[in-house]
Peer 1: 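Here it is, the structure, as structure tokens.
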Protein chains: 4
Amino acid sequence: MQIEIDPLSPVPLYQQLRDRVVEGIAGGTLRPGDQLAPVRQLAARFGINVATVSKGYDLLRAEGLVRSNRSAGSVVARGPRSATAEEAAWSSADRDAWAGRLATVLAEGVAQGEQDETIVAAAKEILSGFAAQRRNGGER
Amino acid sequence: MQIEIDPLSPVPLYQQLRDRVVEGIAGGTLRPGDQLAPVRQLAARFGINVATVSKGYDLLRAEGLVRSNRSAGSVVARGPRSATAEEAAWSSADRDAWAGRLATVLAEGVAQGEQDETIVAAAKEILSGFAAQRRNGGER
Amino acid sequence: MQIEIDPLSPVPLYQQLRDRVVEGIAGGTLRPGDQLAPVRQLAARFGINVATVSKGYDLLRAEGLVRSNRSAGSVVARGPRSATAEEAAWSSADRDAWAGRLATVLAEGVAQGEQDETIVAAAKEILSGFAAQRRNGGER
Amino acid sequence: MQIEIDPLSPVPLYQQLRDRVVEGIAGGTLRPGDQLAPVRQLAARFGINVATVSKGYDLLRAEGLVRSNRSAGSVVARGPRSATAEEAAWSSADRDAWAGRLATVLAEGVAQGEQDETIVAAAKEILSGFAAQRRNGGER
DNA sequence: GTGGTCTAGACCACA
DNA sequence: GTGGTCTAGACCACC
């Protein structure tokens, strides 16, 4: 998968990395079982420090999206459909926090004068973009 | 309007302040032309520094949501429907950046296993919450 | 509070720090609202790196036991009795993981020939030790 | 006995193996005198390296739970009740270390808001689970 | 070769 | 002055 990070962004590098991986999982570029690039390799590619990449992976691990194995590298642990009833993917607190973040982003659109329908349409478009990617085997 | 900020949140105070004002505008608690509380008063109410409040207002000004006059203090410049006529609300770059933030939040939900329909429903619920507030005259 | 860490232990330093703080919270030495020592100060006291202390605080933050504030330091967020029904302190997955760790430790005692009653007694003693500390105002 | 190990767990494989054997002894699946599976066989079954299995057995030997004879392979040396008569089961240092680990786990429960009674109940339930297994001849 | 841990710095953001 | 971010290294544990 081809991901980019922006060293000039105010968003921390490890956070950007985490965001890109999350998007990759949502879009099916990264599927459960897929290997993530080794921390060193990723660090070299982006010209950033290993520890920074590692911290990004830490986040993903904490979210349950990735699992790491000292010898076999890191693999994607979860995907768009792997959440079942038995293994509650999200704690309710985490889901609430997510809903709060969503509300803040949506409020921004509303405040800027976007119509509700336009916003919903934008969200649907993004989601169907992810879905289309998944159907195409994760190709961009 | 009654807003709350959490000094222990990882989100910077000025950012929280900005977020709450944005939500106030989206929900109609704050309408175009309304005065924002003077920085000193707000700083006193929250027990935080004037500079922090000021920085939050700066953000809102940069986003075009608030306008400051020497004499009249800060007033809300834009509202849920004012974009259509008054002025070009967003630069396309700003809109794109917003869409990117939205995509990141949505991707998180997808990656955690939420169904697309569930996510759209959550978004609609949030938006209709704002709309209901506006109809009620911004009362919570 | 007086805590010690052992640089020769196989347990990572940041993990030891986290364990000691958890025990401090259980024993009431650290109560909700109490300030934790600044990372730099703790690092200097133990002769370890700031990043290491920081990682320990990261863990505690992830567990919801501590909250940090850039300017005002880190404070204890939760205590032996602050878990109420509304704010589900633990996700069920976290609780299950904890029960698993408990089972492993108990199995060890059983395998080494300790009687069940002896083990339960040991556990009760530890717990009442914590409770006694809390009653004594967290004094050791 | 049927044991499972998870290659993606943060817990080292040899440690998992050791934990499972300890639990097997506690639950009576493995009784004093029983043979442990040969390292090669176990390694093949799990698809892991012989050295890894060997390291797990080393731990058990160091804890006095397993004894290795040149000819007879590794046999379980101790069981839930063999401590009383046969030999001094634990050095007091080992027992203290174990109590420390137990205290850390219990502290975590307390800090997360579990009631002492709930914790004791959980421990009793785990212990009686082991006892029940032993009565059933170690069958799961 | 993989990730995990740790050091000794530095600079920045926040309040 | 607080924590957050990041670097450039090093060594270790695991497999």
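Please read all numbers here as calculations on a predicted model, not as lab measurements. The sequence lines fix the lettering, A, B, ..., with proteins before strands; numbering per chain opens at 1.
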Peer 1: Apply the test side-chain hydrogen bond (donor to acceptor under 3.5 Å, both in side chains) to residues D/Thr52 and D/Asn49: give CA-CA distance (whole Å), side-chain angles for both, the deciding distance (0.1 Å), then the verdict.
Peer 2: CA-CA 5 Å; D/Thr52 305; D/Asn49 199 293; 5.1 Å; no

Peer 1: Looking at CG of A/Asp19 and CG of A/Leu59, how far apart are the two atoms once the value is rounded to the nearest 0.5 Å?
Peer 2: 9.0 Å

Peer 1: If I take atom CZ from residue C/Arg18 and atom CD from residue D/Glu108, how far apart are they, to the nearest 0.5 angstrom?
Peer 2: 4.0 Å

Peer 1: Between C/Ser54 and A/Arg70, which residue's closest nucleotide on DNA chain F lies nearer the 5′ terminus?
Peer 2: C/Ser54

Peer 1: Between D/Asn49 and C/Asn69, who's closer to the 5' end of DNA chain F by nearest nucleotide?
Peer 2: C/Asn69

Peer 1: Taking the nucleotide of DNA chain E with the closest heavy atom to each, which residue, C/Gly47 or A/Leu36, is nearer the 5' end?
Peer 2: A/Leu36

Peer 1: Is a donor on one side and an acceptor on the other found under 3.5 Å between the side chain of D/Gln112 and the backbone of C/Gly64?
Peer 2: no

Peer 1: What's the CG-P distance between D/Asp6 and F/dC14, to the nearest Å?
Peer 2: 16 Å

Peer 1: Of all residues at least two apart in sequence or in a different chain, which pass the salt bridge (Lys or Arg N to Asp or Glu O under 4.0 Å) check with B/Arg40?
Peer 2: none

Peer 1: Taking C/Thr104 as the fixed residue, which of D/Gln16, D/Arg101, D/Arg20 is the one that meets the side chain to side chain contact (heavy atoms under 4.5 Å, CB included) rule?
Peer 2: D/Arg20

Peer 1: Report which part of the nucleic acid C/Arg67 touches: base, sugar-phosphate, or nothing (heavy-atom distance under 4.0 Å, all strands).
Peer 2: nothing

Peer 1: Hey, where does DNA chain E pair up into stems, meaning at least three consecutive Watson-Crick or G-U pairs with distances under 3.5 Å?
Peer 2: E:1-14 with F:1-14

Peer 1: Using a strict cut-off of less than 4.0 Å between a Lys/Arg side-chain nitrogen and an Asp/Glu carboxylate oxygen, indicate whether D/Lys55 and D/Asp58 qualify as a salt bridge.
Peer 2: no

Peer 1: Can any side-chain N or O of C/Asn69 pair as donor or acceptor with the backbone N or O of B/Pro7 at less than 3.5 Å?
Peer 2: yes

Peer 1: Check every strand shown and say whether D/Ile48 touches a base, only sugar-phosphate, or nothing at a heavy-atom separation below 4.0 Å.
Peer 2: nothing

Peer 1: If each of A/Gly73 and C/Lys55 is mapped to the nucleotide of DNA chain E with the nearest heavy atom, which maps nearer the 5' terminus, i.e. the 5' end?
Peer 2: A/Gly73

Peer 1: Give the first and the last nucleotide of DNA chain E, reading 5' to 3', that has any atom under 4.0 Å from a heavy atom of chain C.
Peer 2: E/dT5 to E/dA15

